[in-house]
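One structure below.
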Amino acid sequence: MREHPIRIYDTMTRRKRQFKPLNPPEVTMYVCGPTVYGEPHIGNLRTFTSGDLIRRWLTRRGYRVIYVMNITDIEDKTIRDSGAAGKTLREFTDHYTGVFLRGLDLLQIGRATAHPRATAYVPQMVEFISGLVEGGFAYEAEDGVYFDIDRFPGYGRLSGVDLSKTERTERVASDSYDKEDAQDFALWKKATPEELSRGIFFESPWGKGRPGWHIECSVMSRELLGETIDIHAGGEDLVFPHHENEVAQSESLTGKQFVRFWLHMRFLKVGGRRMGKSLGNYVSFDQILEKHSPEALRYFYISTQYRRPLDFTWQAMEAAENTVRRLGNTLDLVDDALRGPDDNLDYGEREDGLLKSVRAGEEAFGAAMDDDFDTPVALGHLHAVAGAINEYITGPANKGALAEAARVYRGMLGALGLFEERRGPDEAADRVMAAVLGLRDDLRKAKNYAFADMIRDRLTEAGVTIQDTAGGAAWRMSKG
RNA sequence: GCCGGGUUGGCUGAGCGGUUUAGGCGGCCGCCUGCAGAGCGGCUACACGGGGGUUCGAAUCCCUCGCCCGGCUCCA
């Protein structure tokens, strides 16, 4: 296999650097996952699609990626909203965790090697915090345990935030927490009366309470991936303070570099502004699915590089839908041609031209992806390959050459997470069968059983079995 | 106020000093087709926020002004 140096933009050093994992071919990658307190919107999903894309490409380049994405199931909002909904915290977060995972599946975002929930790692967090307190990096106060940022000289390096120049916003300056410096952050929060009454607390050396937000990623990352990990990614808003705080905690405790490459995905915008629940301008995943395929959304995401802002419009979604349909048509045309007549068994100029175009496209596609996952450029080469195949198929096809071209094309699509094997029911088949079964049902109601049975028999011959149930007829493929 | 990102044709999106300046979507015209669809071929958009400068030559480098967005607070 040839060398494929991958270059990745690292937030810490503010430049692209050649990617080298600590223990090749293994790559440890951690992506900050969602807080499960509501429906995911398409802004969240952009980040996770980018993470998936990066993982796919590293895998394709021969790395063995161990991929962790946490689920934050205990923090202010999950506690507040579960209470408002009259549910236990666990019921509430389990529900939205399920909603989130379903979204990943629909978008063909591969499940992480592990999706650890914060509540499952509290003992390890307590241990971690204890270590920080013993080391003098953290102190106990009236309402919790805080990290003392004065004890970490590198604080601010990741985000470029110089705290001495930071304007004290009203909220920070006037906050009511009992900490020594307004910039110190909570590692452990002592339980409030409401939390005590609802049973939302864990035992600790500092009494009943719960972990702060930042600590979970440091702890679960260390537990599952080790003290130094290769890649840590997340939305751009997490750079400060979340990731800055993680660095401070982790490196204070271990004395080792926490993360080798920091990746941050830019926000999805709508109408030029950040999409956010509080702004009331967010578009949910379900709203997209009412009008568009998950494939189209995925294409829309990758039409821009992950580090550039992306503006959502319905017009852009339609454009993505059209484009993705054409890419899919090529797949159908290939299938048709491979099932068609064998009227070309030769390797001539057309075949040579096809394979040369396809291979050049594959090469250029890979070079673009190696360059900080530059999907818009890669898509240009994908279209070149699709075009070469479409053009070739206008004439008689040499199935060997075509199959080779199609293999490359499918490989490119797979790298982008497009047109993989579908899970669940095939929508097209479903619609056809709904029409056929509707017709048969009409016949049965008219007591024309002979014809209805004939339909059933014919479908059986075709490998589709029919079962009448109280809720209507069901169908399934009985053989491959 | 401090820090960061952006500003290219109807929309999107490459380009990072100079060959014909991608690609996609849309639109238009052909071919193919019983019709439709799919596909193919061609055309359309020669645009680079404003103003200076460097250079034989700038969307690309420098200066300056403007506008948009994000972070500095829970947030993908």
Side-chain angles (χ1 to χ4, degrees), chain A residues 11 14 31-35 37-38 40-51 69 72 75-78 80 100 156 159-175 182-183 185-186 212-214 233-242 244 264-279 282 299-300 302-311 313-330 332-333 336-337 361 364 368 374-387 389-395:
Chain A
T11 306
R14 279 153 231 276
V31 176
C32 281
T35 300
Y37 72 107
H41 67 235
I42 59 175
N44 302 313
L45 262 13
R46 181 195 187 190
T47 296
F48 303 129
T49 301
S50 298
M69 181 192 291
T72 300
E75 53 74 78
D76 294 345
K77 286 190 295 284
T78 56
R80 180 195 69 200
F100 174 70
S159 57
V161 170
D162 180 348
L163 291 179
S164 64
K165 283 187 183 167
T166 300
E167 185 177 285
R168 289 291 167 85
T169 61
E170 238 176 76
R171 182 160 163 189
V172 171
S174 66
D175 74 24
Q183 302 287 353
F185 58 91
W213 176 44
H214 310 298
E236 61 171 321
D237 55 328
L238 299 183
V239 178
F240 187 89
H242 186 55
E244 195 71 71
H264 291 97
M265 293 82 161
R266 285 220 150 236
F267 274 133
L268 181 70
K269 299 188 299 174
V270 58
R273 303 196 144 267
R274 169 180 175 168
M275 180 178 294
K277 288 191 178 179
S278 54
L279 295 170
Y282 71 93
Y299 188 93
F300 168 69
I302 63 178
S303 64
T304 296
Q305 203 243 4
Y306 76 92
R307 229 154 30 74
R308 303 199 130 224
L310 174 60
D311 203 354
T313 61
W314 287 104
Q315 187 189 2
M317 273 307 301
E318 279 164 34
E321 188 79 74
N322 290 340
T323 304
V324 116
R325 191 192 316 122
R326 294 203 59 211
L327 292 173
N329 287 341
T330 295
D332 291 338
L333 288 171
D336 292 345
D374 197 347
T375 46
V377 172
L379 287 174
H381 301 299
L382 175 73
H383 282 110
V385 169
I389 291 172
N390 288 342
E391 190 188 348
Y392 180 72
I393 291 177
T394 60

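Throughout, protein chains are lettered first and strands after them, A, B, ... in sequence-line order, and every chain is numbered starting at 1.
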Problem set entry | Rounded C1' spacing from B:rU7 to B:rU60 in Å | 15 Å

For this session: Please measure how far the P atom in B:rG30 lies from the corresponding atom in B:rA22, and state the result in whole Å.
Result: 26 Å

Exercise. How long is the line joining CG of A:L379 and P of B:rC25, in whole Å?
Worked result: 12 Å

For this session: Under the side chain to side chain donor-acceptor pair (under 3.5 Å) rule, collect the residues that match up with A:D311, sequence neighbours excluded.
Result: none

Problem set entry | P spacing across the pair B:rC3 / B:rA14, given as an integer number of angstrom | 27 Å

Exercise. Which pair of non-hydrogen atoms, one from A:H264 and one from A:G235, has the smallest distance, and what is that distance?
Worked result: CD2-O, 3.6 Å

Problem set entry | Integer angstrom distance from the P of B:rG49 to that of B:rC35 | 48 Å

Exercise. With a non-hydrogen cut-off below 4.0 angstrom, is A:T35 in contact with a base, only sugar-phosphate, or nothing?
Worked result: sugar-phosphate

Exercise. Please give, in whole Å, the distance from B:rG13 C1' to A:I302 CD1?
Worked result: 13 Å

For this session: Determine: side-chain N/O of A:T304 to OP1/OP2 of B:rG13, distance under 4.0 Å, yes or no.
Result: yes

Seminar exercise, completed: Applying ring-ring contact (aromatic ring centres under 6.0 Å, His included) to A:F185 and not counting sequence neighbours gives A:F147, A:H214

Exercise. Which sits closer to the 5' end of RNA chain B, A:T313 or A:T323, going by the nucleotide each is nearest to?
Worked result: A:T313

For this session: Figure out the CZ/P separation between A:R308 and B:rG6, and round it to whole Å.
Result: 6 Å

For this session: Identify whether any heavy atom of A:G234 sits under 4.0 Å from a base atom; if not, whether one sits that close to sugar-phosphate; answer base, sugar-phosphate or nothing.
Result: sugar-phosphate

Seminar exercise, completed: Those residues at least two apart in sequence (or on a different chain) that pass side chain to side chain contact (heavy atoms under 4.5 Å, CB included) with A:T304 are A:R46, A:R308, A:L310

Could you run down the sub-3.5 Å N/O contacts of the protein with nucleotides 66-71 of chain B?
residue : atom : partner : partner atom : Å
B:rC69  : OP1  : A:R273  : NH2          : 3.2
B:rG70  : OP1  : A:R274  : N            : 3.3
B:rG70  : O2'  : A:E236  : OE1          : 3.3
B:rG71  : OP1  : A:R274  : NH1          : 2.3

Problem set entry | Whole-Å distance separating the CE atom of A:M317 from the P atom of B:rG24 | 20 Å

Exercise. Between A:Y306 (OH) and B:rG6 (C1'), how many Å, whole number?
Worked result: 17 Å

Exercise. Roughly how many Å is it from NE2 in A:H381 to C1' in B:rA22, rounded to a whole number?
Worked result: 9 Å

Exercise. Excluding sequence neighbours, so at least two apart, what forms ring-ring contact (aromatic ring centres under 6.0 Å, His included) with A:Y282?
Worked result: A:H41

For this session: Would you confirm whether A:E391, through its side chain, and A:T394, through its main-chain N or O, come within 3.5 Å as a donor-acceptor pair?
Result: no

Problem set entry | B:rC29 versus B:rG66 - spacing of their C1' atoms, nearest Å | 42 Å

Problem set entry | Protein-to-nucleotide contact annotation, 5' to 3' order, nucleotides 33-42 of chain B [B base; S sugar-phosphate only; - none; under 4.0 Å, heavy atom] | -----SSSS-

Exercise. Listed by chain and number, what are the ring-ring contact (aromatic ring centres under 6.0 Å, His included) partners of A:F300, not counting sequence neighbours?
Worked result: A:F312

Problem set entry | Interatomic distance at P, B:rA59 relative to B:rC2, whole Å | 32 Å

Exercise. In whole Å, what is the span from the NE2 atom of A:H264 to the C1' atom of B:rG5?
Worked result: 14 Å

Seminar exercise, completed: Each base of RNA chain B marked ( ) or [ ] if paired in-strand (Watson-Crick or G-U under 3.5 Å), | if paired to another strand and . if unpaired gives ((((((((.[[[..)..(....]]]((((((.......))))))....[[[[[..)....]]]]])))))))....

For this session: Have a look at A:H242 and say if it touches a base, only the backbone sugar-phosphate, or nothing, with a 4.0 Å heavy-atom cut-off.
Result: nothing

Exercise. Residues in side chain to side chain contact (heavy atoms under 4.5 Å, CB included) with A:F267, at least two apart?
Worked result: A:E236, A:D237, A:R274

Problem set entry | Contacts of A:R307 that satisfy side chain to side chain contact (heavy atoms under 4.5 Å, CB included) - sequence neighbours left out | A:Y9, A:K16, A:Q305, A:D372

Exercise. Can you check the A:E321 CD to B:rU12 P distance for me, whole Å?
Worked result: 19 Å

Problem set entry | Contacts of type side chain to side chain contact (heavy atoms under 4.5 Å, CB included), residue A:L333, not counting sequence neighbours | A:N390, A:I393

Exercise. Do we see a donor-acceptor contact under 3.5 Å between the side chains of A:N329 and A:R326?
Worked result: no

Exercise. Expressed as a whole number of Å, how far does the P atom of B:rG4 sit from that of B:rA47?
Worked result: 34 Å

Exercise. Considering only the P atoms, how many Å lie between B:rC65 and B:rG71, rounded to the nearest integer?
Worked result: 25 Å

Problem set entry | A:Y392: partners by ring-ring contact (aromatic ring centres under 6.0 Å, His included), with sequence neighbours left out | none

Problem set entry | A:T49 side, atom OG1; A:N44 side, atom CG - distance, nearest 0.5 Å | 10.5 Å

